Protein chains: 2
Amino acid sequence: MSINPNMAEVASLLSEASRATILASLMDGRFHTASELAFMAAIKPQTASFHLAKLVEGNLVKVEKQGRHRYFQLANVEIAQFLEAFLTISPPPEVRSLKQSSQIKLLQDARTCYDHLAGKLGVQLTESMVSSGYLKKEEQQYTITPTGQLFFTEFGIDLTALTRKRRSFSHACLDWSERRHHLAGALGQGLLTRFFDLAWITRVPSIRAIKVTEKGRQGFKQIFHIDV
Amino acid sequence: MSINPNMAEVASLLSEASRATILASLMDGRFHTASELAFMAAIKPQTASFHLAKLVEGNLVKVEKQGRHRYFQLANVEIAQFLEAFLTISPPPEVRSLKQSSQIKLLQDARTCYDHLAGKLGVQLTESMVSSGYLKKEEQQYTITPTGQLFFTEFGIDLTALTRKRRSFSHACLDWSERRHHLAGALGQGLLTRFFDLAWITRVPSIRAIKVTEKGRQGFKQIFHIDV
DNA sequence: TACATACTTTCACTATAATCGAAATATGGA
DNA sequence: TCCATATTTCGATTATAGTGAAAGTATGTA
């Protein structure tokens with residue numbers, strides 16, 4: 001009937017609470033098994049399997065088979081970015097329990113957005129790098145200043161290697177919880193990896209939240225002037 | 001249940017073919033009455049009214065009452081941008097009739113994307129302005145060169161007035177039909193308005209396609225070196 | 001006042017889709 | 001070969017949501 005792309009088809013994949021939860025869980029950028037995702041969405045494995053098949057068929061999710069496990073992941077970075085954009089225009093989560101509200105707080109404090117940092121920490125970090133003169137904010141992206149080049153190299157990030165990657169280098173990603181931009185792209189990914197390597201941050205199990213270690217607390221304070 | 005924003009709620013608004021058609025129809029950025037939208041989505045007025053009420057309640061659409069008419073419009077520019085992004089990751093429309101395929105062609109040739117030009121014409125125009133040295137493409141946006149400043153002013157566009165508007169000035173919008181970027185933001189809107197003022201383009205009734213007039217054909221050729 | 005138009009609300013019908021139990025399949029290890 | 005684990009397929013149940021007829025409301029016109 002319509003002369004426009006079949007938006008409804010994709011939307012119907014996202015319109016179901018269980019599937020939306022599965023997708024949100026996959027937004028940490030990692031692989032998850034069907035059983036894991038079933039647990040996170042609080043549904044039986046066979047139901048999750050049913051939903052995952054739909055998501056794979058709709059090209060939102062891809063699957064890799066390894067033995068009797070099947071590992072699911074978001075199909076590509078674009079899907080992750082699209083979902084993050086979707087979260088920003090969606091109404092905030094309803095709080096129904098204490099556990100839930102503390103989990104929401106963890107997510108809002110610091111989380112991964114596919115392959116880079118988001119939440120309060122992600123935004124603060126980005127703004128700190130801007131005010132320190134390492135990054136310059138353009139309309140929808142960040143550019144590295146000469147000072148920044150020195151800084152990132154000294155911090156242990158191989159900028160030339162990142163530039164070689166066939167993807168956006170340093171675009172601005174709108175944070176759904178903070179409603180402000182944070183750094184994404186290859187540079188954002190490089191920083192996240194470095195923070196893990198330095199053991200400044202660790203993952204919180206089952207949700208895509210991030211916890212700052214004591215070492216990280218000191219590091220973020222000293223180098224980025226952020227109180228975590 | 002979920003600790004993420006209620007994405008499913010918004011998605012369910014888009015997941016229904018009639019509503020998706022209504023939203024796509026509203027993407028021309030203009031106001032439409034309930035009856036018009038009912039006709040475009042090929043449903044009865046009472047059904048359209050039912051859907052429109054949902055869209056308004058979900059903050060995707062706003063309504064203005066004037067006498068016995070109720071005029072509907074997308075709630076804001078962000079929604080329009082979000083929908084355009086949604087179209088790019090959605091599967092292409094299925095062709096079922098000759099009329100439909102010619103309408104699709106019209107849309108792909110030239111259309112409005114809320115308040116700026118999109119489709120082949122939009123992309124060609126943008127790329128022409130880049131190769132002429134009026135615009136410079138950054139990662140996710142365009143910047144005006146000094147030559148460009150002269151050009152736009154001479155073409156009858158008040159750049160200072162546009163900059164004063166509280167919105168993105170010249171970001172890149174991904175074209176769903178061309179899969180390439182075109183110019184959006186206040187500058188994109190300024191250009192569209194100017195083209196209408198110059199009578200280079202007119203609207204095609206009932207779909208958000210754009211037709212280039214004979215005068216426009218000459219203008220686009222002379223000033224932008226595009227064969228339409 | 002009477003009537004037409006624009007639109008919404010109510011209601012009943014129908015179709016679709018999510019869910020889960022049960023059984024089937026596939027893989028790895030003992 | 002047998003069993004445990006991971007996942008899918010099938011089938012039945014249930015809930016939900018789109019649809020349009022009919023009636024209702026509001027606004028403008030004769």
Side-chain angles (χ1 to χ4, degrees), chain A residues 1-2 4 6-26 30-58 60-73 91 94 206, chain B residues 1-2 4 6-26 30-73 94 206:
Chain A
M1 209 54 234
S2 169
N4 287 289
N6 216 332
M7 182 162 66
E9 216 169 88
V10 181
S12 70
L13 290 174
L14 314 176
S15 68
E16 208 276 328
S18 306
R19 279 198 292 266
T21 308
I22 288 176
L23 287 170
S25 305
L26 287 171
R30 294 188 295 171
F31 284 98
H32 292 280
T33 65
S35 314
E36 262 173 39
L37 293 166
F39 176 77
M40 293 191 215
I43 48 177
K44 294 276 172 285
Q46 61 264 40
T47 308
S49 172
F50 165 77
H51 288 311
L52 284 164
K54 286 201 163 189
L55 291 173
V56 169
E57 208 212 349
L60 292 180
V61 166
K62 66 183 173 189
V63 60
E64 264 177 43
K65 222 174 161 176
Q66 251 171 53
R68 60 179 160 183
H69 291 277
R70 299 190 64 193
Y71 291 95
F72 294 90
Q73 194 184 36
E94 283 169 39
S206 45
Chain B
M1 207 55 233
S2 169
N4 288 291
N6 217 332
M7 182 163 65
E9 215 168 89
V10 181
S12 69
L13 290 173
L14 314 176
S15 68
E16 209 276 326
S18 307
R19 279 197 293 265
T21 308
I22 289 177
L23 286 171
S25 305
L26 287 171
R30 293 189 296 171
F31 283 98
H32 292 280
T33 64
S35 314
E36 261 173 40
L37 294 167
F39 176 77
M40 295 191 212
I43 48 177
K44 295 275 172 283
Q46 63 262 40
T47 308
S49 173
F50 166 78
H51 288 311
L52 284 165
K54 286 202 163 189
L55 291 173
V56 169
E57 208 213 349
N59 293 316
L60 293 180
V61 167
K62 65 183 174 190
V63 61
E64 263 177 44
K65 223 174 160 176
Q66 252 173 50
R68 60 180 161 182
H69 290 277
R70 298 189 64 191
Y71 290 96
F72 294 90
Q73 194 184 37
E94 283 169 38
S206 49

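Below, chains carry the letters A, B, ... as their sequence lines are ordered, and counting in each starts from 1. All values derive from a computational prediction rather than experimental measurement.
- Side-chain nitrogen and oxygen atoms of R70(B) include none within less than 4.0 Å of the OP1 or OP2 phosphate oxygen of dT27(D).
- E9(A) places its CD atom 15 Å from the C1' atom of dT16(C), with the value rounded to the nearest Å.
- Checking the phosphate oxygens (OP1, OP2) of dT19(D), a side-chain nitrogen or oxygen of S18(B) falls inside 4.0 Å.
- For I43(A) and dT8(D), the CD1 to P distance is 12 Å, given to the nearest whole Å.
- Taking every side-chain heavy atom of K44(A) into account, dC20(C) is the closest of dT19(C), dC20(C), dG18(D).
- What separates CG of L55(A) from P of dA18(C) is a distance of 10 Å, to the nearest Å.
- Look at NZ on K65(B): it is 9 Å from C1' on dT25(D), rounded to the nearest Å.
- Which of dT19(D), dT8(C), dT19(C) sits closest to the side chain of F72(B) comes down to dT8(C).
- When rounded to the nearest whole Å, the span between CG of L37(B) and P of dT8(C) equals 10 Å.
- Position along DNA chain C of the nearest nucleotide to T47(B) versus E16(A) favours T47(B) as the more 5'-ward residue.
- Here dA17(C) presents its C1' atom at 16 Å from CG of L14(A), a figure rounded to the nearest Å.
- Applying the 3.5 Å distance criterion, the base of dA21(D) shares a donor-acceptor pair with the side chain of Q46(B).
- Counting only heavy atoms from C-beta outward, the side chains of V61(A) and L23(A) approach each other to under 4.5 Å.
- Side-chain contact between H51(A) and I43(A) is present, with heavy atoms from C-beta onward closer than 4.5 Å.
- In this structure, L52(A) atom CG and dA6(D) atom C1' are separated by 13 Å, rounded to whole Å.
- Look at CZ on F50(A): it is 11 Å from C1' on dT16(C), rounded to the nearest Å.
- At the phosphate of dA18(C), OP1 or OP2 sits under 4.0 Å from a side-chain N or O atom of K54(A).
- For S49(A), no side-chain nitrogen or oxygen approaches OP1 or OP2 of dA6(D) to under 4.0 Å.
- With contacts defined as side-chain heavy-atom distances shorter than 4.5 Å, the pair S15(B)/L14(A) does not qualify.
- Two residues are said to be in side-chain contact when any heavy atoms from C-beta on lie closer than 4.5 Å; H32(A) and F72(A) fail this criterion.
- Within the 4.0 Å cut-off from OP1 or OP2 of dA26(C), not a single side-chain nitrogen or oxygen of H69(A) is found.
- Counting heavy atoms of neighbouring residues, nucleotides and ligands inside a 6.0 Å radius, atom CZ of F39(B) does not exceed 12 of them.
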